[in-house]
Amino acid sequence: MARSALLNVMVNAALKAGRGLARDFGEIENLQVSLKGPGNFVSAADHRAEGTLVAELKKARPGYAFLTEESGVIDGTDTTHRWIIDPLDGTTNFLHGIPLFSISLALERDGQIVAGVVYNPVMNELYTTERGAGAFLNDRRLRVAGRKSLADAVVCTGAPNVGIGTEMHVQFLAEMKAMMAKTAGVRRLGSAAIDLAWVASGRLDGFWERGLKPWDMAAGLLLIREAGGRVTGIAGKDDALETGQIVAGNETMHAALLRELAAATA
């Protein structure tokens, strides 16, 4: 596939940061790890990857602003463009030697996501997308799965961690009970960016989660839309980035998930 200059900038940054993550993944026991919060670890690998991404993107597009997981907001002179970055989505997987983690990188222009990259350096899977140009895994064009029945579907979610509060745990268990009864299976991979990329690629039929951040979703959201899928917040509105709540799948599966989630928490 032919990539635009913009997407090449993003891919090159992700590949460079990914090489560092792959090296660190091979030496997990040597990483200096600190506890950022209950069940939410941050390692030196996060910071190194973010530093690489920011440096490479600043070099290519000097005025663009940033929103990153580790550093927060970094202002730029160009107020119309913003990079949204998670340098290591799936940190707990990473620190336990589970090869399901990713770099998630998106570009927002005038409030709309226009390009995205999700990269798993261990599996060598590079997901790329631009608005209006489709979604790809390496050089293969993606389409969401075509299943129409929840009974045939494998769906994915993310479980709230210990620090999130009892109310969200109760809500999650109600939703899980409903989905276990209605689907062929529920998975929990540990990286929302990969979850969304796998919906775009057709490996998963649907995804829902609450309590996410923009950097968890921005690239994956565009991947699914460009692969022919539907993505909204859990209330069915186009507000996933604002609310941190997301539901995704093909048109039929998305509608079925919305319906079951509403019934589970009614």
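For this chain, numbers begin at 1 and follow the sequence in order. Quantities reported herein were computed from a predicted structural model and do not represent experimental measurements.
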To the nearest 0.5 Å, how far apart are CD1 in I74 and OG1 in T68? 5.0 Å
Is the closest side-chain heavy-atom distance between F66 and L57 below 4.5 Å? yes
Take V117 and V11, measure what side-chain contact (heavy atoms from CB on, under 4.5 Å) needs, and give me the verdict at the end. CA-CA 7 Å; V117 172; V11 166; 4.2 Å; yes
Quick check: does any side chain N or O of S191 sit under 3.5 Å from a backbone N or O of D89, one acting as donor and the other as acceptor? yes
Nearest 0.5 Å please: distance from the CD1 atom of I224 over to the CD1 atom of I246. 6.0 Å
May I have the step-by-step check of side-chain contact (heavy atoms from CB on, under 4.5 Å) for M179 and L261, ending in yes or no? CA-CA 8 Å; M179 292 303 175; L261 290 169; 3.7 Å; yes
Between atom CD of Q245 and atom NZ of K237, what is the distance when rounded to the nearest 0.5 Å? 11.0 Å
Nearest-0.5 Å distance that lies between atom NE2 in H81 and atom CZ in R109: 3.5 Å
Under a single-linkage definition using a 4.5 Å side-chain heavy-atom cutoff for Ile, Leu, Val, Met, Phe, Trp and Tyr, are Y127 and I84 assigned to the same hydrophobic cluster? yes
Parallel, tilted or perpendicular: ring planes of F94 versus F25, cut at 30 and 60 degrees: tilted
Thinking salt bridges, do D238 and R225 make one under a 4.0 Å N-O criterion? yes
Intermediate values then yes/no, side-chain contact (heavy atoms from CB on, under 4.5 Å), E108 and V114: CA-CA 6 Å; E108 182 183 60; V114 296; over 6 Å; no
Is it true that a side-chain atom of S104 and a backbone atom of D86 form a donor plus acceptor pair closer than 3.5 Å? no
Can you check whether F136 reaches E226 side chain to side chain, under 4.5 Å on heavy atoms? no
Rounded to the nearest 0.5 angstrom, the CD-OG1 distance for E209 and T157 is 5.5 Å
Could you tell me which non-hydrogen atom of K16 sits nearest to which non-hydrogen atom of T52, and how far apart they are? CG-CG2, 3.7 Å
Do L257 and V155 come within less than 4.5 Å of each other through their side chains, counting heavy atoms only? yes
Has R131 got more than 12 heavy atoms of other residues, nucleotides or ligands less than 6.0 Å from its CZ? no
Between the side chain of N250 and the main-chain N/O of A145, is any donor-acceptor distance below 3.5 Å? yes
Presence of salt bridge, R147 and D152, under 4.0 angstrom: no
Does M123, at its CE atom, have more than 12 non-hydrogen atoms belonging to other residues, nucleotides or ligands within less than 6.0 Å? yes
Shortest non-hydrogen contact between L7 and G116, atoms and distance: CD1-O, 4.2 Å
Going only through I, L, V, M, F, W and Y residues with side-chain contacts under 4.5 Å, is there a path from I113 to I85? no
Short side-chain to backbone donor-acceptor contact, E50 and S71, under 3.5 Å: yes
Salt bridge present between E125 and R203 (N-O < 4.0 angstrom): yes
Under the side chain to side chain contact (heavy atoms under 4.5 Å, CB included) test against I98, which residue among L189, N93, T92 passes? N93
Give a yes or no on whether L88 and L126 share a hydrophobic cluster (residues Ile, Leu, Val, Met, Phe, Trp, Tyr; joining criterion: side-chain heavy atoms under 4.5 Å apart). yes
Scanning both residues in full, the closest heavy-atom pair of P87 with L21 reads O-CD1, 3.5 Å
More than 12 heavy atoms of other groups within 6.0 Å of R188 CZ: yes
Could you tell me whether the side chain of D24 reaches within less than 4.5 Å of the side chain of R48, counting heavy atoms only? yes
D195 to C156 - nearest heavy-atom pair and separation: OD1-SG, 3.2 Å
Using the rule that Ile, Leu, Val, Met, Phe, Trp and Tyr join whenever any side-chain heavy atoms are under 4.5 Å apart, tell me whether L241 and V118 fall into a single cluster. yes
Is N12 reaching over with its side chain to a backbone N or O of N8, donor-acceptor style, under 3.5 angstrom? yes
Are Y119 and S102 packed together at the side-chain level, in the sense that at least one heavy-atom pair is separated by less than 4.5 angstrom? no
Work out which heavy atom in A115 is nearest to a heavy atom in L222; give both atom names and the distance. N-CD2, 3.4 Å
Flag the pair L107 / Y64 as yes when at least one side-chain heavy-atom distance between them is below 4.5 Å, and no otherwise. yes
Minimum side-chain heavy-atom gap N120-I194 below 4.5 Å: yes
When you check the gap from the basic side-chain N to the acidic O, do R210 and E175 get nearer than 4.0 Å? yes
If every non-hydrogen atom of L196 is compared with every non-hydrogen atom of A248, which pair is closest and at what distance? CD2-CB, 4.3 Å
Got a second to check how far W198's CH2 is from R187's CZ, nearest 0.5 Å? 10.5 Å
Less than 4.5 Å apart, side chain to side chain, heavy atoms only: is that true for V247 and H254? yes
Is W208 linked to V231 within one hydrophobic cluster, defined over Ile, Leu, Val, Met, Phe, Trp and Tyr using a side-chain heavy-atom separation of less than 4.5 Å? no
